[in-house]
Amino acid sequence: MAAQRKYLVRDFNRYITCYLCRGYLIKPTTVTECLHTFCKSCIVQHFEESNECPQCGIQVHETNPLEMLRLDKTLEEIIFKLVPDLREKEEQRELEFWRKTKSKGNGEDGPIPKKARLGDDREEDDDGKGGDYHRSDPQMAICLDCLRNNGLSGESTVKGLIKKFIRCSTRVTVGTIKKFLCLKLKLPSSYELDVLCNGEIMGKDHTLEFIYRTRWRLQEESAYPMVLEYRPRIDFG
């Protein structure tokens, strides 16, 4: 029987490193137009200045390239398995970030990380047996406020929530928020809502963490909790 070949991590580096920062991919995020993958923070910062892929130069989107990003969870898990201690080190950096953000704020709590679980039971949760549902993720509070515009079609259908303050994982997406609103407001699952932050419509794949870092905390007079407004979708066509 032929001897099995042993591979080193460096043999895979070109597949698991970011073109922009040259480090290992953290929260690997793929541009759907060209399928090039970068660290989430790297590509988001790049798209603040340009709408072209930094690797191939293709125009990703005329006005909002962030809509064309997709998080690659499978690749993320592969990288964490290949690179020893990378997951733990990155989680520690994230905790430090939120601590520094809190200390620079006005004394209000920011997104609060839950205590880490003993042992690594992520695989069990992925199978649906653990029932964790992201409770071990960093958590944050948000306010869901109904945006009322006089004369807007469908406004009478969409009401304000009785309890508009909720706490959830920073990984929750706008798409999940829309499903939550439809459920609480007893709207059809096909009902179209817009979710806005500071007057800007958020994409369905934007996470709360992404919105907080790129839209909310950069405002001069931003406060905690973060406020997301919702309204019936406006068809500009």
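Sequence positions, counted from 1, serve as the residue numbers for this chain. As a basis for the values below, the full set of heavy atoms in this structure was taken, side chains included, without hydrogen atoms, waters or symmetry mates.
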Quiz item: Should C146 and R231 count as side-chain neighbours, where that means a heavy-atom distance under 4.5 Å?
Solution: no
Self-check item: Which residues share a side chain to side chain contact (heavy atoms under 4.5 Å, CB included) with N64, sequence neighbours left out
Solution: H61, L66, E67
Quiz item: At their closest point, which heavy atom of P28 faces which heavy atom of L75, and how far apart are they?
Solution: CB-CD2, 3.8 Å
Quiz item: With a 4.5 Å heavy-atom cut-off, do I166 and L144 have their side chains touching?
Solution: yes
Quiz prompt | Heavy-atom closest contact (L25 atom, C39 atom, distance) | solution = CD2-N, 3.5 Å
Quiz item: Any donor-acceptor pair under 3.5 Å linking the side chain of T32 with the backbone of M68?
Solution: yes
Practice problem: Applying side-chain hydrogen bond (donor to acceptor under 3.5 Å, both in side chains), name anything that partners Q55, two or more places apart in sequence or on another chain. | Solution: none
Quiz item: Should T176 and T173 count as side-chain neighbours, where that means a heavy-atom distance under 4.5 Å?
Solution: yes
Exercise. Could I get the full list of salt bridge (Lys or Arg N to Asp or Glu O under 4.0 Å) partners for K204, not counting sequence neighbours?
Key: none
Practice problem: Answer whether the closest heavy-atom distance between the side chains of Y212 and I142 falls below 4.5 Å. | Solution: no
Self-check item: Step-by-step side chain to side chain contact (heavy atoms under 4.5 Å, CB included) determination, L185 to L161
Solution: CA-CA 7 Å; L185 299 173; L161 293 169; 3.7 Å; yes
Quiz item: If you measure from CD1 on I16 to CG on L86, what distance do you get to the nearest 0.5 Å?
Solution: 8.5 Å
Quiz item: Going by heavy atoms in the side chains, are M140 and L208 under 4.5 Å from each other?
Solution: yes
Quiz item: Got a sec, which pairs hit ring-ring contact (aromatic ring centres under 6.0 Å, His included) with one end in residues 12-35, sequence neighbours left out?
Solution: Y7-F12
Quiz item: What residues form a salt bridge (Lys or Arg N to Asp or Glu O under 4.0 Å) with E76, not counting sequence neighbours?
Solution: K73
Quiz item: Is a side-chain N or O of T214 found less than 3.5 angstrom from the main chain of F210, in a donor-acceptor match?
Solution: yes
Quiz item: With K178, which residues qualify under side-chain hydrogen bond (donor to acceptor under 3.5 Å, both in side chains), at least two apart?
Solution: none
Quiz prompt | Listed partners of L20 passing side chain to side chain contact (heavy atoms under 4.5 Å, CB included), at least two apart | solution = C18, F38, C42, H46, P54
Quiz prompt | N198 side chain vs R215 backbone, donor-acceptor pair below 3.5 Å | solution = yes
Self-check item: Backbone of E88 reached by a side-chain donor or acceptor of D85 within 3.5 Å
Solution: no
Practice problem: Taking atom CZ of R14 as the centre, report whether more than 12 heavy atoms of other residues, nucleotides or ligands fall under 6.0 Å from it. | Solution: no
Quiz item: Taking only residues two or more places apart in sequence, or in another chain, which ones meet E49 in a side chain to side chain contact (heavy atoms under 4.5 Å, CB included)?
Solution: none
Quiz item: Is L71 reachable from V60 through a run of hydrophobic residues whose side-chain heavy atoms are each under 4.5 Å from the next?
Solution: no
Quiz prompt | Student check: side-chain heavy atoms of C143 and M226 closer than 4.5 Å | solution = no
Quiz item: Under 4.5 Å between any side-chain heavy atoms of K164 and D145, yes or no?
Solution: yes
Exercise. Return the set of residues passing salt bridge (Lys or Arg N to Asp or Glu O under 4.0 Å) with E62 (not counting sequence neighbours), or none when no residue passes.
Key: none
Exercise. Using the test side-chain hydrogen bond (donor to acceptor under 3.5 Å, both in side chains), find all partners of Q92 that sit at least two apart in sequence or belong to another chain.
Key: E96
Quiz prompt | Results of side-chain hydrogen bond (donor to acceptor under 3.5 Å, both in side chains) for T207 - residues two or more places apart only | solution = K40
Quiz item: Minimum heavy-atom separation for D194 to L196, with atom names?
Solution: O-CD1, 3.8 Å
Quiz prompt | Under the side chain to side chain contact (heavy atoms under 4.5 Å, CB included) test, residues paired with R93 that sit two or more places apart | solution = K89, E90
Quiz item: What closest approach, in Å, do L193 and C182 show between heavy atoms, and which atom pair accounts for it?
Solution: CD1-SG, 4.2 Å
Quiz item: Stepwise, does the salt bridge (Lys or Arg N to Asp or Glu O under 4.0 Å) test hold for E91 with R87?
Solution: CA-CA 6 Å; E91 288 176 350; R87 187 197 300 271; 5.1 Å; no
Practice problem: Locate the shortest heavy-atom distance separating P138 from E94; write the atom from each residue and the value. | Solution: CG-OE2, 3.4 Å
Self-check item: Nearest heavy-atom neighbours spanning H36 and C56
Solution: CE1-CB, 3.4 Å
